[in-house]
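As the structure is a prediction and not an experimental result, all values here were calculated from the model. Just follow the structure's listing: the first ligand is 1, and inside any ligand the first atom is 1.
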Amino acid sequence: MAPHSDIAAAAQALREGQLVAFPTETVYGLGADATNDEAVARVYAAKGRPSFNPLITHVPDLEEAFALGHFTQEAKALARAFWPGPLSLVVPRAASCPVSLLASAGNDSIAIRIPSHPMALDLLKATGRPVVAPSANPSGKISPTTAEHVRRHLKDKVAMVLDGGRCKVGVESSVVSFLADGPKLLRQGGVPRTEIEKVLGHAIAVESHSARPHAPGQLLSHYAPHAELRLNADTPREGEAYLGFGPFHAHGPWTLSARGDLVEAAASLFRLLHEIDATGVTRIAVAPVPHHGLGEAINDRLLRAAAPRDSA
Ligand code: TXA
Ligand code: MG
């Protein structure tokens with residue numbers, strides 16, 4: 001177990017916007033302050049993910065969990081039965097939810113979990129903020145179950161790696177969503193489906209992400225603004241709002257990053273799209289965003305938002 005001073009230092013690093021790898025009972029997590037847009041953006045950069053998958057927000061107790069989202073009675077029953085433990089619940093975001101929209105990949109839902117590893121709980125309490133944590137592995141590599149696994153790939157990207165020994169569960173949390181279309185098992189994980197069904201008192205629909213076609217409009221995490229998007233636009237046309245980047249930012253109030261910083265751009269992407277949408281404009285022109293680093297994920301999301309919509 002890490003000494004108390006390590007937990008305090010890690011909590012401090014998180015509050016300063018740095019990344020900290022920490023043990024949970026499932027796998028090691030790559031943690032960041034969930035309320036800090038740029039810290040969340042750095043998680044995607046560190047993992048080298050080519051797209052913005054939504055992340056799980058970790059909290060230390062039920063009260064905090066229930067404040068972040070809208071839980072149905074069934075969702076609360078699962079929370080009470082399995083938390084702290086290897087279950088994540090996806091619920092609609094509360095209006096007052098302070099978690100970065102980037103962590104929700106622009107959706108109005110949020111995935112929440114209370115881990116049971118004592119060091120994770122200590123860290124969350126000491127940090128005093130919700131913490132996003134995807135598995136602490138580079139994109140495409142297997143999930144780490146020892147601190148050594150994390151150090152091997154992510155050492156240079158994190159302020160600290162807390163060592164809590166080998167993860168007992170060893171596979172990621174089960175993910176269950178409670179959105180408008182009823183309960184669904186989105187990812188099989190540490191809590192078996194049969195255990196979940198025992199608490200619910202009925203069978204649960206299974207719908208894995210990987211089974212879904214990666215086409216625009218069909219991804220669960222797909223977020224599209226109401227306005228139509230035109231990409232790689234040097235300059236806005238008549239009637240278009242302009243979303244700038246780098247040198248292309250002199251056309252209006254909305255800029256992903258005036259200094260051309262991709263972390264800053266990722267951090268503000270969903271917030272700005274929502275803001276522009278809220279003005280009621282029907283067309284948004286978006287400046288060119290380079291395709292390296294986080295630019296890959298930003299362009300992936302912009303392309304999907306710009307793709308023709310289903311009429312549904
Ligand atoms: O065991 C775990 O859950 C580990 C430890 C560190 O807590 N974390 C983890 O996070 O596996 P990650 O980012 O590797 O996986 C997050 C999963 C993905 O399948 C993602 O699509 C789903 O949760 N997810 C997160 N937010 C969601 C949302 N709003 N709607 C639907 N799915 C969501
Ligand atoms: Mg993962």
With nothing but distance in play, are any N or O atoms of T24 less than 3.5 Å from an N or O of ligand 1? no
Record the part of E172 in heavy-atom contact with ligand 1 below 4.0 Å; permitted values are side chain, backbone, both and neither. both
Hey, which atoms in ligand 1 end up nearer than 4.0 Å to a heavy atom of A111? 25 (C), 26 (N), 27 (C)
Need the ligand 1 atom indices (1-based, order shown) with element for anything under 4.0 Å from a heavy-atom of S173. 1 (O), 2 (C), 3 (O)
Ligand 1 atoms nearer than 4.0 angstrom to some heavy atom of S109 are 28 (C), 29 (N), 30 (N)
Under the criterion side-chain hydrogen bond (donor to acceptor under 3.5 Å, both in side chains), I'd like the reasoning laid out for S104 against R93: C-alpha separation, chi angles, the key distance, then a yes or no. CA-CA 9 Å; S104 288; R93 286 170 67 103; 2.9 Å; yes
Got a salt bridge between K184 and E207, using NZ or NE/NH1/NH2 to carboxylate O under 4.0 Å? yes
Using 2.8 Å as a strict upper limit, say whether an N, O or S atom of N137 approaches the Mg ion (ligand 2) that closely. no
Going by heavy-atom distance to atom 9 (C) of ligand 1, choose the closest among S139, P144, A136, S135. S135
How are the rings of W83 and F66 set to each other: parallel, tilted or perpendicular (split at 30° and 60°)? tilted
Given K141 and H153, is the side-chain contact (heavy atoms from CB on, under 4.5 Å) satisfied, shown in steps? CA-CA 9 Å; K141 296 261 196 289; H153 296 291; 3.5 Å; yes
One finds that the ligand 1 atoms under 4.0 Å from a non-hydrogen atom of L186 are 31 (C), 32 (N)
Do the side chains of V171 and V27 get nearer than 4.5 Å, heavy atoms only? no
I need the contact type for N107 against ligand 1. Using non-hydrogen atoms and a strict under-4.0 Å cut-off, is it side chain, backbone, both or neither? neither
Looking at ligand 1, does S104 have a heavy atom less than 4.0 Å from it? no
Less than 4.0 angstrom from a charged side-chain N to a carboxylate O is my criterion; do R42 and D37 meet it? no
Under the criterion side chain to side chain contact (heavy atoms under 4.5 Å, CB included), which of S173, S174, S177 is the partner of R187? S173
In sequence, state the C-alpha distance, the side-chain angles, and the governing distance for H202 and E74, and then conclude on side-chain hydrogen bond (donor to acceptor under 3.5 Å, both in side chains). CA-CA 11 Å; H202 58 78; E74 283 199 326; 2.7 Å; yes
Within the structure, does R187 bring an N/O atom to less than 3.5 angstrom of an N/O atom in ligand 1? yes
Is the contact between E25 and ligand 1 made by the side chain, the backbone, both, or neither, using heavy atoms and a 4.0 Å cut-off? neither
As an exercise, state the distance from CZ of R271 to CG of L101, rounded to the nearest 0.5 Å. 8.5 Å
Does even one non-hydrogen atom of R49 get within less than 4.0 Å of ligand 1? yes
Regarding atom 24 (N) of ligand 1: of the candidates C167, P54, P92, G29, which has the closest heavy atom? P54
Ligand 1 versus N53, non-hydrogen atoms closer than 4.0 Å: side chain, backbone, both, neither? neither
Side-chain heavy atoms of I284 within contact of Y242, under 4.5 Å: no
Are any of the N or O atoms of H58 closer than 3.5 Å to those of ligand 1? yes
